[in-house]
Each structure stands twice: as C-alpha cells, then as structure tokens.
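Accompanying notes for the structure given below.
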Amino acid sequence: MMNDYVTLSLESHLFFARIMKEHSLFLEAGFPCCEKDLIEEAGRFRHKFEELLQDVVRISNGHVQNSVPDSGELITEFTLPAERKTSELSGVPINSQITEDTRKLRCDRIQNPDRPLFQQVFRINERAFRLIGELIRFKERILRSVNNGKLFTANYPLLIEHIIREAKLYREIVEQLLTNRNICYQNFYETEEFWNQIMMEHAWFIRGLLDPSEAQLIETADDFSKDYTRLLEAARRQDSIANSLTQRTLEETIKYRDFKAAGAKGILSNQISSIILPLLADHVLREANHYIRILEDKKTR
C-alpha cells in the first residue's frame, strides 16, 4: 500500500539518516589535523546527510507512527545539548535546527499520502541509496588505510567496521523499499543477532573510552558486553524458545538503555571522565531505544 510505503520510508530515514550524519561527524572529528582531505570529505558526507534528514523531517508530519518519535530513537532529552557541546568541543558545525524540527513532529493520526508525496518519497529513497553507497565506500577506504598502517584515527578499527555494518543495514532497508513497495515491518529489520552484536560492541567501546579511573562504570559496561555475548550464543544454539529469548533481550536492553541514559547525562554534566563525545553517548542511547521498539513490535506480532 502507498501509505505503508511512505510511512516505512520516512521512519527509516528519520532514524538512519541521523545515524549516518553522526557517523560522518565522528570520523571527521577523529582524523588528525594533517588529514585535511579526509576531514573535508567526512564533512561533505555529514552535510549531505543533514540535507537528506532535513528534507525528510519537512514532509514527515502526519506520515509516521507516534511510536517512532515517542520511542526516543530520533531524539532524546540529551540530543540538543549534546549537539551543542560536541560542536563546541570538536569545532564541527551541527545543524541543530533539524533536531528542533524533529522535536515538533506530531503524528497523532496517519494521513493518506497523495501521489506527489509518494513520488517525492521514492526520489528520496533513490537519493539515499546512492548516498549510503558512497559513504560505505568511504568508510571501507578508511578502514583499509587504518589496517594497512597508513592512517591514524582516534576511532577504533572495530568502530569503523561497526559503522560500516550499520550503513549496510540502512542500504539494505532502502533497497527493499525501492524493489518492493508492499514491504512489511518484519522484512525491515535484521535479526536480533545483528542488534545484539551492535549492543555488545557498544559496551566494548564504552569500556574502552571511559577514563581508567571510572572502574565501576568500566565493570558495568563489561558486564553488559558479557550479557549480550550470552544472548548471541543462545540465539546461535537456538536453545531458547524464540519469544522467551526476545523477552530476555528486551529486559536486558531496557536495563542497558538506562545505563546509557545515565552515561549521557553524566558526560554532559562533566560527572564522568572519558574521551566520549557527548553526541556519541546520545547516539548509542538512541540506537538502544530503536532496538527496544523493534523488540516490542516483534512481541506484539
């Protein structure tokens, strides 16, 4: 249905285009000052995804489900101050008007899209598909240079692999939209294994970016990484009933979300010592919120 196509397209871009623009920012901020060309290239991707996200937000009122903005996956209470603080610390400009506009989204009732809107959304999908492919190639080029000892960056090689996988998921979603206009929600998302891997790696990154003096937080992050390792192992062994495993994963991710929210608050208030950019703390929080919505949606089906 046209309505499903427009809604699912816009919801996907509202979440993932913001994630991609922030990936670009993290890369941009992580290069040494001698890598001017890479800094500029990452900045161009950040700007292009900002433009994409801005265009999506502009047409989303009345065409996305309330559960999406309500989930906290698009923005949180920390997003705007995190953007401002990150821009101040890194010198990278951030268009926070997009965040302000996203906060104002109201979707109390899904409206039926007309043909011009459908065509506009289809063009956005085509544009996003090309742009995601370009960003993936850029990230892969960076990873090769890092692994070959030809480039230094403040970002872990695993973090670069991590953001490549997320970009490939986004591209897969958009490709499905472009080739199957009757796509339904359950075809949209990778398995719990994908997101459990993402959550586990978040714990590794948090553990590694906290100041060594933050022993308790490091231990808690390590515990979360072990919990997601066990969930991954259970899924691979298939020794749990699917719904039971989903419930366990949901409960774990809610606890993890709360830990990340406390971390974002602590970093913004200078109560936690780390080398974590405030926007990175908010970024991983929003990904946990996104995963919670996926899990809750799966449980109701």
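Predicted, not measured: the structure shown is a model, and the values here were computed from it.
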Quiz item: Looking only at side chains, do Thr79 and Asp282 share a donor and an acceptor under 3.5 Å apart?
Solution: yes

Quiz item: For Leu151, does its backbone N or O pair with a side-chain atom of Ser145 as donor and acceptor, under 3.5 Å?
Solution: no

Quiz item: Looking at side-chain heavy atoms only, is the closest gap between Arg230 and Glu252 below 4.5 Å?
Solution: no

Practice problem: Hey, could you give me the CD1/OG1 distance between Ile292 and Thr249, rounded to the nearest 0.5 Å? | Solution: 11.5 Å

Quiz prompt | Test item: Ser60 side-chain N/O and Val56 main-chain N/O as donor-acceptor pair under 3.5 Å | solution = yes

Quiz prompt | His283-Phe26 aromatic ring centre distance below 6.0 Å | solution = yes

Self-check item: Nearest-0.5 Å distance that lies between atom CG in Leu177 and atom CG in Asn125
Solution: 5.0 Å

Quiz item: Quick one: do Ile164 and Phe16 end up in the same hydrophobic cluster if we chain Ile, Leu, Val, Met, Phe, Trp and Tyr together by side-chain heavy atoms under 4.5 Å apart?
Solution: yes

Self-check item: Cationic N near anionic O, under 4.0 Å, Arg18 to Glu83
Solution: yes

Quiz item: Does a salt bridge link Asp258 with Lys255, judged by any charged N lying under 4.0 Å from a carboxylate O?
Solution: no

Quiz item: With distance as the sole test, does Glu11 use its side chain to make a donor-acceptor pair with the main-chain N or O of Gln65 at under 3.5 Å?
Solution: yes

Quiz prompt | Geometric cation-pi criterion, Arg115 with Phe118: 6.0 Å, 45° | solution = yes

Quiz prompt | Test item: Thr7 side-chain N/O and His63 main-chain N/O as donor-acceptor pair under 3.5 Å | solution = yes

Quiz prompt | Spacing of Leu131 atom CG and Ile136 atom CD1 [to the nearest 0.5 Å] | solution = 10.0 Å

Quiz prompt | Flag, side chain of Ser87 to backbone of Val92, donor-acceptor distance under 3.5 Å | solution = yes

Self-check item: Verdict with reasoning, Arg137 to Glu134, per salt bridge (Lys or Arg N to Asp or Glu O under 4.0 Å)
Solution: CA-CA 5 Å; Arg137 289 189 289 274; Glu134 292 170 7; 5.1 Å; no

Quiz item: Looking only at atom types and distance, does a side-chain atom of Thr253 sit under 3.5 Å from a main-chain N or O of Leu250, one as donor and one as acceptor?
Solution: no

Quiz item: Any chain of hydrophobic side-chain contacts (each under 4.5 Å) joining Leu209 to Leu279?
Solution: yes

Practice problem: Go through the side-chain N and O atoms of Glu201 and Gln197 and say whether any donor and acceptor fall under 3.5 Å apart. | Solution: yes

Quiz item: Which heavy atom of Ala262 sits nearest a heavy atom of Ile272, and at what distance?
Solution: O-CD1, 4.2 Å

Quiz item: Mind checking whether Ile254 and Ile294 sit in one hydrophobic cluster, side chains of I, L, V, M, F, W, Y counted as touching below 4.5 Å?
Solution: yes

Quiz prompt | Single hit among Arg257, Arg286, Arg293 for salt bridge (charged side-chain N to carboxylate O under 4.0 Å, His left out) with Glu73 | solution = Arg293

Quiz prompt | With Met199, the side-chain contact (heavy atoms from CB on, under 4.5 Å) member among Phe194, Tyr256, Phe224 | solution = Tyr256

Quiz item: Just checking, any donor-acceptor pair under 3.5 angstrom between side chains of Glu251 and Gln247?
Solution: yes

Quiz item: So, for Lys21 and Phe49, which heavy atoms are closest and what is the spacing to 0.1 Å?
Solution: CB-CB, 3.6 Å

Practice problem: Decide side-chain contact (heavy atoms from CB on, under 4.5 Å) for Asp223 and Phe259; before the verdict, give the C-alpha distance in whole Å, the side-chain angles of both, and the deciding distance to 0.1 Å. | Solution: CA-CA 12 Å; Asp223 287 343; Phe259 171 73; over 6 Å; no

Practice problem: Assess whether side-chain contact (heavy atoms from CB on, under 4.5 Å) is satisfied between Thr99 and Arg103, documenting all intermediate values. | Solution: CA-CA 6 Å; Thr99 300; Arg103 185 175 57 83; 5.8 Å; no

Practice problem: Ignoring hydrogens and angles, tell me if any N or O in the side chain of Asp211 forms a donor-acceptor pair with the backbone of Ser273 under 3.5 Å. | Solution: no

Quiz item: Linking I/L/V/M/F/W/Y whenever their side-chain heavy atoms sit closer than 4.5 Å, directly or via other members, would Leu89 and Leu210 fall into one cluster?
Solution: no

Quiz item: So, for Ala17 and Leu52, which heavy atoms are closest and what is the spacing to 0.1 Å?
Solution: CB-CD2, 4.1 Å

Quiz item: With respect to Leu268, which candidate in Arg84, Glu77, Lys85 satisfies the side-chain contact (heavy atoms from CB on, under 4.5 Å) definition?
Solution: Lys85

Quiz item: Does Phe78 belong to the same Ile/Leu/Val/Met/Phe/Trp/Tyr cluster as Leu74, with side-chain heavy atoms less than 4.5 Å apart forming each link?
Solution: no

Self-check item: Exam field: side chain Lys139 to backbone Ile163, donor-acceptor pair closer than 3.5 Å
Solution: yes

Quiz item: Nearest heavy-atom pair of Leu232 and Glu193: which atoms, and what distance?
Solution: CD2-O, 3.4 Å

Practice problem: Give a yes or no on whether the backbone of Pro93 and the side-chain of Arg46 come within a donor-acceptor separation of less than 3.5 Å. | Solution: yes

Quiz item: Do Glu140 and Lys168 sit within salt-bridge range, that is, some charged N less than 4.0 Å from a carboxylate O?
Solution: yes

Practice problem: Start with the C-alpha gap between Gln97 and Asp101, add the side-chain angles, then the distance that decides, and say whether side-chain contact (heavy atoms from CB on, under 4.5 Å) holds. | Solution: CA-CA 6 Å; Gln97 185 59 48; Asp101 293 341; 2.9 Å; yes

Quiz prompt | Heavy-atom check, side chain of Phe45 versus side chain of His23, under 4.5 Å | solution = no

Practice problem: Indicate yes or no for a side-chain donor-acceptor contact from Tyr156 to the backbone of Gly208 under 3.5 Å, with no hydrogens or angles considered. | Solution: yes

Quiz item: Are Leu105 and Leu14 close enough that some pair of their side-chain heavy atoms sits under 4.5 Å apart?
Solution: yes

Quiz item: Taking all atoms of both residues into account, what is the closest heavy-atom pair of Asn155 and Gly30, and its distance?
Solution: ND2-CA, 4.0 Å

Quiz item: Between Leu178 and Glu175, does a side-chain contact (heavy atoms from CB on, under 4.5 Å) hold up when you go through it step by step?
Solution: CA-CA 5 Å; Leu178 288 169; Glu175 184 176 21; 5.7 Å; no

Practice problem: Please tell me if the side chains of Lys226 and Asp222 come closer than 4.5 Å, counting only heavy atoms from C-beta onward. | Solution: yes

Quiz prompt | Thr220 side, atom OG1; Glu214 side, atom CD - distance, nearest 0.5 Å | solution = 10.5 Å

Practice problem: Show your reasoning for whether ring pair (Phe, Tyr, Trp, His ring centres under 6.0 Å) applies to His202 and Tyr228. | Solution: CA-CA 10 Å; His202 283 175; Tyr228 280 100; 9.3 Å; no

Quiz item: Is there a side-chain contact between Glu192 and Tyr291, using heavy atoms and a 4.5 Å cut-off?
Solution: yes

Exercise. Measure the shortest side-chain to side-chain distance between Ile59 and Leu117 over non-hydrogen atoms and say whether it is less than 4.5 angstrom.
Key: yes

Exercise. Any chance you could measure Leu280, atom CG, to Ser274, atom OG, to the nearest 0.5 Å?
Key: 9.0 Å

Quiz prompt | From His13, Arg127, Arg123, residue fulfilling side-chain hydrogen bond (donor to acceptor under 3.5 Å, both in side chains) relative to Asp55 | solution = Arg127

Quiz item: Which atom names give the shortest non-hydrogen contact between Ser90 and Ala29, and what distance separates them?
Solution: CB-CB, 4.2 Å

Self-check item: Side-chain touch Leu53/Asn95, heavy atoms, less than 4.5 angstrom
Solution: no

Self-check item: Separation of Glu28 CD from Leu38 CG (nearest 0.5 Å)
Solution: 11.0 Å

